[in-house]
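Notes follow once the structure below has been shown.
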Amino acid sequence: MFLQLLAFMIAIGGSVLGGPINTPGFPAARVLSQLPKETWLESIVVRRNGDILATSLFYSSNVFTVTRPSFHTDNKAKVLASVPEVNSLLGITELPASYGEEAFFFVGGNFTSLTTFTTTVGSFKGFKLTFDRYGKATVKKVSDLAPISSFPNGVTAIPQAPGSVLIADSFVGSIGRLDLSTGHYDPKAFAFQEMTVPEGAVLPIGVSAMRIKGSYLYFGNPSTQSIYKVKVDSKGYLVKKAQPSLVANISSVAPGLDDFIFDSHGNILLATNSPENAIVHVDVKTGKSKRIIGGPTDPLMPDSTCLAFGRGIFDTNTFYVSTGRNISDPTTSARIVAVDASLLNY
Ligand SMILES: *[C@@H]1O[C@H](CO)[C@@H](O)[C@H](O)[C@H]1NC(C)=O
Ligand SMILES: *[C@@H]1O[C@H](CO)[C@@H](O)[C@H](O)[C@H]1NC(C)=O
Ligand SMILES: *[C@@H]1O[C@H](CO)[C@@H](O)[C@H](O)[C@H]1NC(C)=O
C-alpha cells in the first residue's frame, strides 16, 4: 500500500517536474468524443461557456457541439446546425464581441471528391452562426465570396476589426478579406508568392490557416511545410511594403501542416493532418519544431486537423483536437481528442 502510494506520488511529481509523457494513471490525452461512421471534422473552436463547436468537411455539412467537455469522461457530439446549401464546412472562428452578441463565422462549399480534393469553384459561401440569449443557434449566409473562390480553408477574426474576417484560400493561394456587414469580399487582400503552391509540390495545397498575433499575421503553407509572418496594422491591413518572413520550416518534423493556435507562451501548436497524425510545437523565436503528441503509427488522432484551448473552469490547460479519420481505414470516423498540455513534456 505504502509502496503504491509512493509510486503514485512519484508519478504525480514526475509530471509536475516535466517527467514522462503519459504518466500511468494520468494519461495526457483521451478521446473526448468518438463521432459516428461517416464523419470528418475540419475545424474546432471553444465557446465562451466552454462548449466545443466543430465543423464537418466530409459526409455532411454540420456544425457539431460538445457541451461542457470537462464535466464528463464520455461526451457525445450533437448536431447543432446543418447547412444544406453546401456539402462541406471548413474553418470557423469566433467574432470579437459586439453589443454582447456571441457569434462565429465559418466557410463552406462543395467538394466533389474526397480523394482528389476537387471542389466546385464559386460554390463557397461565408456564414454567421449566432447564439441568442437563450442559447438558440441561428445560421445565416453573409456572403457568396468571389467567383474564383475554390478552396476557402482557414478563417480568422481580426481582434480590432470585428466587422471583418480573413479567409485563406488554399487553391487560389491568397488570403482574402470579407466585410461581414456588406458581404463584400476581396479575395486577394494578401497575395504573396509564399502563399502559393510552388511548381512540382507534392501537396497542391497553398496557404491554409492564419492567425493574427501582436502586429503580425502568421500563416501556414502546407505545400512548403512552412509558417511565415507578415506585418499588419491594428485593423488587419497589410503594412505598406511589408514582406513575409519565415517563422519555421517543419519539413524535417512533419510532412503536413494544417490549422494552428498560440499557446500561453506565444508559441505555435499546429495540427499536422495525415499521415503524421500529430500536434507539433513551434518555438516562434528560434523556429525549432517538435512533435509533442501523436505520430504516424499512433491511432490517437488520425488526420489531426485543428485544435483549440478549453475555456471552462477546469480545462484552460487542455486543448481539443479535431480529426478527420484514418484515411486507409473507411471503418474509422472523426473524433475529438482532449490533451492536457500541462502533462506534456515540451
Ligand atoms: C452544392 O451542394 C448543395 C448540397 O448538395 C446543392 O444543393 C447545391 O446546388 C450545390 N451548389 C453548387 C453550386 O453546385
Ligand atoms: C524547408 O526545408 C526543406 C528541407 O531542408 C527545403 O527543401 C525547403 O526548401 C525549405 N522550405 C522553405 C520554404 O524554406
Ligand atoms: C490506419 O488503418 C490502416 C489500415 O487498417 C492500418 O494499417 C494503420 O495502422 C492505421 N493507422 C493508424 C495511425 O491507426
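Start at 1 and go down the list; that is how both ligands and their atoms are numbered. Numbers for residues simply follow the sequence, beginning at 1.
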Considering only non-hydrogen protein atoms, determine which one is nearest to [atom] and report residue, atom name and distance to 0.1 Å.
| atom | value |
| --- | --- |
| atom 3 (C) of ligand 2 | S251 OG, 3.4 Å |
| atom 5 (O) of ligand 1 | N87 CB, 4.4 Å |
| atom 4 (C) of ligand 3 | S328 O, 3.9 Å |
| atom 7 (O) of ligand 1 | P84 O, 4.1 Å |
| atom 13 (C) of ligand 3 | P296 O, 3.4 Å |

Have a look at ligand 3 and work out which part of D298, if any, has a heavy atom under 4.0 Å from it: side chain, backbone, both or neither.
backbone

Counting only heavy atoms closer than 4.0 Å, does ligand 3 sit against the backbone of P302, its side chain, both, or neither?
neither

State the atoms of ligand 2, each with its element, that fall below the 4.0 Å cut-off from a heavy-atom position in [X].
| X | result |
| --- | --- |
| S226 | 12 (C), 13 (C) |
| Y228 | 13 (C) |
| N249 | 1 (C), 2 (O), 3 (C), 8 (C), 10 (C), 11 (N), 12 (C), 14 (O) |

Protein heavy-atom contact under 4.0 Å for atom 9 (O) of ligand 2?
no

Do side-chain atoms of [X] reach the backbone of [Y] as a donor and acceptor pair under 3.5 angstrom?
| X | Y | result |
| --- | --- | --- |
| S33 | N75 | yes |
| D329 | N326 | no |
| D169 | S150 | yes |

Under the side chain to side chain donor-acceptor pair (under 3.5 Å) criterion, do S82 and N62 qualify, and how do the steps go?
CA-CA 4 Å; S82 294; N62 291 333; 2.7 Å; yes

Only one of F151, F117, F124 passes ring pair (Phe, Tyr, Trp, His ring centres under 6.0 Å) with F171; say which it is.
F151

Option of least heavy-atom distance to atom 2 (O) of ligand 3 (set: L300, N326, T297)
N326

Indicate, as side chain, backbone, both or neither, the part of S61 found under 4.0 angstrom from ligand 1 when only non-hydrogen atoms are considered.
neither

Determine the sole option in E38, R325, K37 for which the side-chain hydrogen bond (donor to acceptor under 3.5 Å, both in side chains) test with Y59 is passed.
R325

Could you see if V46 belongs to whatever hydrophobic cluster contains F104? Use Ile, Leu, Val, Met, Phe, Trp, Tyr and a side-chain cutoff under 4.5 Å.
no

Out of V45, V155, V139, which one pairs with F106 under the side-chain contact (heavy atoms from CB on, under 4.5 Å) rule?
V139

Apply the test side chain to side chain donor-acceptor pair (under 3.5 Å) to residues T130 and D132: give CA-CA distance (whole Å), side-chain angles for both, the deciding distance (0.1 Å), then the verdict.
CA-CA 6 Å; T130 311; D132 71 14; over 6 Å; no

Relative to the heavy atoms of P299, which atoms of ligand 3 are at a distance of less than 4.0 Å?
14 (O)

Indicate yes or no: does an N/O atom of N110 lie under 3.5 Å from an N/O atom of ligand 1?
yes

Cation over ring, R47 on F131, under 6.0 Å and within 45°?
yes

